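Data block below; observations after.
Since we're looking at a predicted model, the values are computed, not measured. One-based numbering, in listed order, for ligands and for the atoms of each.
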Amino acid sequence: MNSVDRNFAPALDLDDRLADAITWEHGGRLWPSGEQQTLTCCRVIDETHDVRSFEFRTEDGLPVRFEPGQFMTISANVRGQSVERCYTISSAPTRPFLLSITVKRVPGGTVSNWLHDNMKPGSTLRAYGPSGAFTPTAAPATKSLYLSAGSGVTPLMSMTRASIDLGLDRDIVFIHSARTPADIVFRDELARLAKLSPRLRVYFVCEGIGDEAHWNAPTGRLSLQLLSQWAPDYLEREVFTCGPAGYMSAVRTLLLEGGHNPARYHQESFDIGAGVAAEPEAAPAASDTFTVRLSRSSKSFTMNASQTVLSAAKKAGVAVASSCSQGVCGTCKTRVLEGTVDMKHNGGIRDREVQKGFRLLCCSRPTSDLVLEL
Ligand SMILES: Cc1cc2nc3c(=O)[nH]c(=O)nc-3n(C[C@H](O)[C@H](O)[C@H](O)COP(=O)(O)OP(=O)(O)OC[C@H]3O[C@@H](n4cnc5c(N)ncnc54)[C@H](O)[C@@H]3O)c2cc1C
């Protein structure tokens, strides 16, 4: 589980190098956020009894650029209906020819079960370009603390794989919580990576031992005591956390209690409903009716100012890829070519994208007639 002591050439400008590698013109092409591609499944890997990784290549076989920790939105045709869900790209951008997602079966869940039951080598699905700001390039640091639980391991795995592939030798303490040892996703690979890199330390904590009678790591939940034991310098570390809402809230409390600076805390939630209030529809004013024209299809529809552009487009029969409807996932990002909207997002779009004219249609209401790049 722990690293071996080995000499390793220190890397210069760690985060510059990571950013350079990701934006490197490697003959591939940028996959713009929100742009649709067809992906072909090349491999399915059983990670645990209810978690599988699906590896894909792009239709044109070209490599793809993204940042470690980002997610893509996939569109599945389930019982004749198109359904979109976000999945973190668990592979690293340093291996840009294959994109993988790692999916946990959710009891009663539509897309997770559909993927487990239907996705085989040779199957295809539609996916929308990477989004998300939960990435180490957004918070440069030489010392990191990765805290994950359950399938929340995926973004941190991508970050770790990228860091090792680039020889960054970033100082990482990675603590993963699971129900039982059998539920630890990427258990062998994390142990192997920790052996490769003297500055990656991996620890597991499980609520129970399950069938593994010889489990020799702690049981229970992550505590301040375990944290101080495994990462005594945690106050100096940039913290990245991903897992169920209850886990993240407990981790946050624990870190605050320990005196960690909240400005150095970053988290990704897979539960897009948690903590995000959906924007209520404002009371419509009779006069506030606007026309929306679509530049590519030359279609148009009218809507009132109380509706979001996404809901009006859907009511008008316009197919727009979307997932969360709460300004989080970024799937419905679209360029507004003419006109203005009032957008209240929840982190699903970056300032530089807004400057380029993009808006999230799910949380934008028109304040004039619009022309959309659709
Ligand atoms: C940024 C981001 C990254 C993510 N990355 C990953 C990842 O790497 N790996 C991963 O496994 N997941 C990830 N997720 C979660 C993923 O997007 C899905 O939410 C998850 O797979 C469940 O989707 P589903 O379609 O299977 O379940 P859903 O159909 O959405 O159902 C979810 C739950 O709601 C219940 N439910 C559904 N319909 C109803 C109803 N009508 N009434 C009552 N209950 C209902 C279901 O029983 C189930 O328990 C990520 C999410 C986000 C936002």
Side-chain angles (χ1 to χ4, degrees), residues 33-34 39 44-56 66-79 81-92 99-119 125-135 138 146 148-161 176 178-179 183-186 240-248 266-276 278 321-333 345-350 360 362-363:
S33 174
L39 301 180
V44 178
I45 302 160
D46 283 328
E47 304 287 1
T48 69
H49 60 102
D50 62 354
V51 175
R52 277 190 179 155
S53 290
F54 302 92
E55 288 186 347
F56 300 96
F66 59 96
E67 295 182 34
Q70 285 195 304
F71 61 89
M72 60 182 172
T73 304
I74 65 143
S75 180
N77 192 299
V78 185
R79 294 182 288 279
Q81 286 230 313
S82 203
V83 197
E84 277 95 25
R85 294 285 183 275
C86 307
Y87 289 100
T88 303
I89 306 173
S90 52
S91 51
L99 292 166
S100 71
I101 57 173
T102 301
V103 180
K104 183 177 165 61
R105 264 191 199 274
V106 173
T110 313
V111 175
S112 59
N113 290 293
W114 182 87
L115 284 166
H116 275 249
D117 297 337
N118 294 282
M119 197 43 56
L125 54 69
R126 274 182 298 133
Y128 297 88
S131 293
F134 184 67
T135 159
Y146 294 171
S148 64
S151 54
V153 68
T154 51
L156 304 170
M157 193 64 193
S158 176
M159 295 177 197
T160 304
R161 285 168 162 164
H176 179 68
R179 286 217 177 98
D183 291 299
I184 300 174
V185 187
F186 305 129
F240 291 83
T241 307
C242 187
Y247 164 83
M248 288 199 294
H266 314 271
Q267 71 172 39
E268 173 90 309
S269 175
F270 285 180
D271 180 4
I272 34 195
V276 175
S322 65
S323 182
C324 72
S325 293
Q326 291 170 357
V328 176
C329 77
T331 310
C332 60
K333 203 173 293 165
H345 70 90
N346 284 300
I349 189 165
R350 294 183 175 192
L360 300 182
C362 69
C363 54

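Between D271 and ligand 1, not a single N/O pair is under 3.5 Å apart. Taking any N or O of F270, backbone or side chain, none lies under 3.5 Å from an N or O belonging to ligand 1. For a threshold of 3.5 Å applied to N or O pairs, the pair formed by K104 and ligand 1 contains at least one separation below that value. Looking at S269 next to ligand 1, no N or O pair under 3.5 Å apart turns up. For ligand 1, the polar-atom distance check finds an N/O of P107 within less than 3.5 Å of one of the ligand's N/O atoms.
The shortest non-hydrogen separation linking F134 to T241 is CZ-O, 3.5 Å.
Counting atoms of ligand 1 from 1 in the listed order, those under 4.0 Å from a heavy atom of G108 are 46 (C), 47 (O). For ligand 1, the atoms closer than 4.0 angstrom to any heavy atom of E268 are 1 (C). Those atoms of ligand 1 with a heavy atom of T110 less than 4.0 angstrom away are 24 (P), 25 (O), 26 (O), 27 (O), 28 (P), 29 (O). Near V106, meaning under 4.0 Å from one of its heavy atoms, ligand 1 places the atoms 22 (C), 48 (C), 49 (O). Residue G109 has at least one heavy-atom neighbour below 4.0 Å for each of these atoms of ligand 1: 24 (P), 26 (O), 27 (O), 28 (P), 29 (O), 31 (O).
Using cut-offs of 30° and 60° on the angle between ring planes, the pair F240 and H266 is parallel.
Within the structure, the closest approach of V103 to ligand 1 falls below 4.0 Å when heavy atoms are considered.
Annotation: side chain of M157 is not in contact with side chain of T88 (no heavy-atom distance under 4.5 Å). Residues K104 and F270 have side chains not in contact (no heavy-atom distance under 4.5 Å, counting atoms from C-beta outward).
With a 4.0 Å cut-off on non-hydrogen atoms, V51 does not touch ligand 1 at all. Only side-chain heavy atoms of T154 come within less than 4.0 Å of ligand 1; its backbone N, CA, C and O stay farther off. Contacts with ligand 1 closer than 4.0 Å are made by heavy atoms of both the backbone and the side chain of V111. Contact annotation for F71 and ligand 1: only side-chain heavy atoms (C-beta onward) come within less than 4.0 Å of the ligand.
Checked for salt-bridge contact, R105 and D117 meet the test: a charged N lies under 4.0 Å from a carboxylate O.
E47 and S53 are linked by a side-chain donor-acceptor pair at a separation below 3.5 angstrom, with hydrogens and angles left out of the test. Between S90 and T102, the side chains place a donor N or O and an acceptor N or O closer than 3.5 Å (distance only, hydrogens not considered).
Contacts of E268 classified as side-chain hydrogen bond (donor to acceptor under 3.5 Å, both in side chains), with partners at least two apart in sequence or in another chain: none. The side-chain hydrogen bond (donor to acceptor under 3.5 Å, both in side chains) test applied to R126 returns S75, S82, Y128, not counting sequence neighbours.
Remark: among candidates M157, H116, R85, the nearest residue to atom 28 (P) of ligand 1 is R85, based on non-hydrogen atoms. The closest non-hydrogen atom to atom 5 (N) of ligand 1, taken over V153, T88, L115, comes from T88.
In terms of modelled atom types and a separation under 3.5 Å, the side chain of S322 and the main chain of S325 share no donor-acceptor contact. Of the possible donor and acceptor atoms, none in the side chain of S148 sits under 3.5 Å from a partner among the backbone N and O of C242.
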